[in-house]
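Heads up, the thing below is written out as structure tokens.
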Amino acid sequence: MELAAVRAANRAYYTALSARDLIAMEKVWSQSSEVVNIAPPIQPVAHVGWDAVKRNYESFWAKLADLAVSMDEPVIRIEGNIAWAFGVEHSKRILKNGQTSSGPNLGTSVFVKRDERWFVVFHQAALIPKD
């Protein structure tokens, strides 16, 4: 049961990210001053606290015409009220100027269970270099 709930929370994160939907992101993330999002994968910066994470999404999404990010087969581990999911993210970005980029990232999310729901408290995506 908990595994399915964490899997659903992880999927909800990628759905909100791809939709560039801030309202959906607010439902997925814990909105505390303690959360951390390390992004973007190419030139990572630590965005600490919900306000900084939110500003980062708004700034990043404003440059995009389209975004699709998914993690098809996450590895999920749960220890009490803490869970983490990691795996390969597949991403495709189309900038408003028409430029496209895509590639795999290694993504990791950490979740905390509060009030019977799992919330993201940490996310990081690291570009997997091409050979």
(message) Which residues pass the side chain to side chain contact (heavy atoms under 4.5 Å, CB included) test with S70, not counting sequence neighbours?
(response) D72, H90
(request) Working to the nearest 0.5 Å, report the span between CG of D66 and NZ of K92. (result) 8.0 Å
(request) Please go through L127's hydrophobic cluster and name the other residues, only I, L, V, M, F, W, Y counting, with side-chain heavy atoms under 4.5 Å joining them. (result) I42
(request) Would you please name every residue forming a side chain to side chain contact (heavy atoms under 4.5 Å, CB included) with Y14, sequence neighbours left out? (result) N10, L17, V69, M71, E89, H123
(request) Write out all pairs satisfying side chain to side chain donor-acceptor pair (under 3.5 Å) with one or both partners inside residues 29-43, taking only residues at least two apart or from two chains. (result) W29-Y57, S30-R114, N37-Y57
(message) For A52, give me all partners under side chain to side chain contact (heavy atoms under 4.5 Å, CB included), at least two apart in sequence or on another chain.
(response) H47, R55
(request) Say whether V48 and V53 are linked into one hydrophobic cluster, either directly or through other cluster members, by side-chain heavy-atom distances under 4.5 angstrom. (result) yes
(request) Under the side chain to side chain contact (heavy atoms under 4.5 Å, CB included) rule, collect the residues that match up with A9, sequence neighbours excluded. (result) F111, W118
(message) Within the structure provided, determine whether W84 and V75 are in side-chain contact (heavy-atom separation under 4.5 Å).
(response) no
(request) Kindly indicate whether the side chain of I82, heavy atoms from C-beta on, has any atom under 4.5 Å from the side chain of V112. (result) yes
(message) I'd like to know if the side chain of D21 and the backbone of I23 have a donor-acceptor N/O pair within less than 3.5 Å.
(response) yes
(message) For a quick test of reading the model, state the closest non-hydrogen atom pair linking K27 to F119 and the distance between them.
(response) O-CE2, 3.7 Å
(message) If hydrophobic clusters are built by linking Ile, Leu, Val, Met, Phe, Trp and Tyr wherever their side-chain heavy atoms come under 4.5 Å apart, do F122 and V35 end up in the same one?
(response) yes
(message) Please check this pair: side chain of K113 against backbone of A83, looking for a donor-acceptor N/O pair closer than 3.5 Å.
(response) no
(message) Restricting to non-hydrogen atoms, name the atom on K54 and the atom on L22 that form the minimum distance, rounded to 0.1 Å.
(response) CE-CD2, 3.6 Å
(message) Given 3.5 Å as the limit, does a donor-acceptor pair link the side chain of N97 with the main chain of Q99, or not?
(response) yes
(request) Output the distance between atom NZ (K63) and atom CG (L95), rounded to the nearest 0.5 Å. (result) 9.0 Å
(request) Side-chain contact test, heavy atoms from C-beta onward, threshold under 4.5 Å: evaluate it for V45 versus I38 and give yes or no. (result) no
(message) I'd like to know if the side chain of S91 pairs up with that of R93 as donor and acceptor (distance under 3.5 Å, no hydrogens or angles considered).
(response) yes
(request) Examine distances only and state if a side-chain atom of R7 and a backbone atom of I76 form a donor-acceptor pair shorter than 3.5 Å. (result) no
(message) Does any part of the side chain of R20, heavy atoms only, come nearer than 4.5 Å to the side chain of F60, both counted from C-beta?
(response) no
